[in-house]
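This report concerns only the one structure given below.
Hydrogens, waters and symmetry mates are skipped; everything else that's a heavy atom, side chains included, is used.
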Amino acid sequence: MLFGKEHVKRYVETDGAEGHDWQGTTTLILTTTGRKSGEQRSTPLIYQRFGDDLLVVASKGGSDVPPLWYLNLQANPEVRVQVKGDRFTARARTATAEEKPAMWRTMAATWPQYDEYQQKTDRDIPVVVLERTG
């Protein structure tokens, strides 16, 4: 099962030929700037298109604490995204309360475990909108 650092490495090296299609869904590579280190951090994440934007979910498997990549983009919402061979900059933001239900349904349709993750925690798991800027 490909995920983590090896997933990122092979995805980047093959323009997503290895790693984009993953366990019946699709992944992208999200690169954030470490809020403490200032270093670039790349993470493979399940995504879906939603209009002109891309969606990812800050679930961390239903943990009571958010994933580090989400904390990083809260501190610096300017991110880099790779979908297959398409690399671009984007602005990340948390979906509003009004937007979230439809976006959550889109993400849960591609990865039903998101509903299970939400049931495991009192934390409101955010949907993150990636708006292409470059």
Side-chain angles (χ1 to χ4, degrees):
M1 181 169 93
L2 194 61
F3 217 69
K5 289 181 181 181
E6 183 65 17
H7 190 137
V8 171
K9 179 179 183 292
R10 290 173 56 189
Y11 193 117
V12 170
E13 288 175 350
T14 67
D15 282 341
E18 291 185 49
H20 178 266
D21 297 332
W22 182 82
Q23 298 206 356
T25 189
T26 54
T27 67
L28 56 72
I29 303 299
L30 178 70
T31 302
T32 59
T33 302
R35 66 195 181 289
K36 295 177 183 175
S37 69
E39 294 180 16
Q40 298 295 291
R41 307 279 186 201
S42 296
T43 307
L45 296 170
I46 293 168
Y47 80 97
Q48 285 294 292
R49 295 191 183 280
F50 195 85
D52 292 335
D53 301 322
L54 301 176
L55 304 178
V56 294
V57 177
S59 65
K60 198 175 180 185
S63 172
D64 289 333
V65 296
L68 294 177
W69 63 261
Y70 182 71
L71 298 176
N72 288 342
L73 68 78
Q74 285 185 306
N76 181 357
E78 302 304 318
V79 299
R80 293 184 36 83
V81 178
Q82 181 176 345
V83 177
K84 294 187 177 179
D86 186 17
R87 295 169 173 87
F88 56 93
T89 56
R91 182 162 187 83
R93 65 176 180 83
T94 302
T96 66
E98 295 76 29
E99 294 173 311
K100 185 179 175 185
M103 292 176 170
W104 184 270
R105 283 191 298 275
T106 296
M107 294 307 294
T110 194
W111 194 253
Q113 290 90 325
Y114 286 136
D115 287 328
E116 296 169 25
Y117 299 163
Q118 184 59 78
Q119 291 174 3
K120 287 171 52 177
T121 182
D122 291 331
R123 176 173 69 91
D124 184 33
I125 296 176
V127 174
V128 175
V129 182
L130 302 173
E131 301 170 332
R132 188 179 193 127
T133 58

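When every heavy atom of Met103 is checked against every heavy atom of Val127, the shortest pair comes out as CB-CG1, 3.9 Å. Pairing each heavy atom of Ala58 with each of Trp69, the nearest pair is CA-CZ2, 3.5 Å. Contact record, Ser59 with Tyr114: OG-CE2, 3.7 Å, taken as the closest heavy-atom pair. The minimum heavy-atom distance linking Leu68 with Arg35 is given by the pair CD2-NH2, 3.9 Å. Across Ala90 and Val81, no two heavy atoms sit closer than the pair CB-CG2, 4.0 Å. Here the shortest heavy-atom pairing between Pro44 and Val8 reads CD-CG2, 3.5 Å.
Between Ile46 and Gln113, the closest side-chain pair of non-hydrogen atoms is not below 4.5 Å. Looking at Tyr70 and Lys60, their side chains never come closer than 4.5 Å, going by heavy atoms from C-beta outward. Considering only heavy atoms from C-beta on, Phe50 stays 4.5 Å or farther from Met107 through its side chain. A heavy-atom distance below 4.5 Å is found between the side chains of Leu54 and Arg49. A 4.5 Å side-chain heavy-atom check between Val128 and Val57 finds every atom pair outside the cut-off.
For the atom pair OG1 (Thr89) and CD (Glu131), the distance works out to 12.0 Å, reported to the nearest 0.5 Å. With rounding to the nearest 0.5 angstrom, the CG atom of Asp53 is 13.5 Å from the CD atom of Gln48. Rounded to the nearest 0.5 Å, atoms CH2 (Trp111) and CD (Gln23) are 4.5 Å apart. Between Arg80 atom CZ and Thr33 atom OG1 the span is 10.0 Å, to the nearest 0.5 Å. Remark: Arg105 CZ to Thr110 OG1 distance equals 15.5 Å, nearest 0.5 Å. Asn76 contributes atom CG, which lies 8.5 Å from atom OG1 of Thr32 (distance to the nearest 0.5 angstrom).
When each of Leu55, Thr94, Thr96 is paired with Val129, the side-chain contact (heavy atoms from CB on, under 4.5 Å) condition holds for Leu55 and for no other.
Judged purely by atom type and a 3.5 angstrom limit, Arg10 has no side-chain atom pairing as donor or acceptor with the backbone of Ala17. Side-chain atoms of Gln74 never come within 3.5 Å of backbone atoms of Arg93 as a donor-acceptor pair (strictly under, hydrogens ignored). Panel note: side chain Gln82, backbone Lys84; a donor-acceptor pair is recorded below 3.5 Å. One N or O on the side chain of Thr26 and one on the backbone of Tyr47 form a donor-acceptor pair closer than 3.5 Å. Counting only distance, with no hydrogens or angles, the side chain of Thr106 and the backbone of Ala102 share a donor-acceptor pair below 3.5 Å. Between the side chain of Gln40 and the backbone N or O of Thr31 there is no donor-acceptor pair closer than 3.5 Å.
Using a 30° and 60° split on the angle between ring planes, His7 and Tyr11 fall in the parallel class, below 30°.
In the hydrophobic clustering of this structure, Leu45 does not group with Leu71; members are Ile, Leu, Val, Met, Phe, Trp, Tyr whose side-chain heavy atoms approach within less than 4.5 Å, directly or through other members.
Open room surrounds CG on Asp52; 12 or fewer heavy atoms of other groups in view lie less than 6.0 Å from it.
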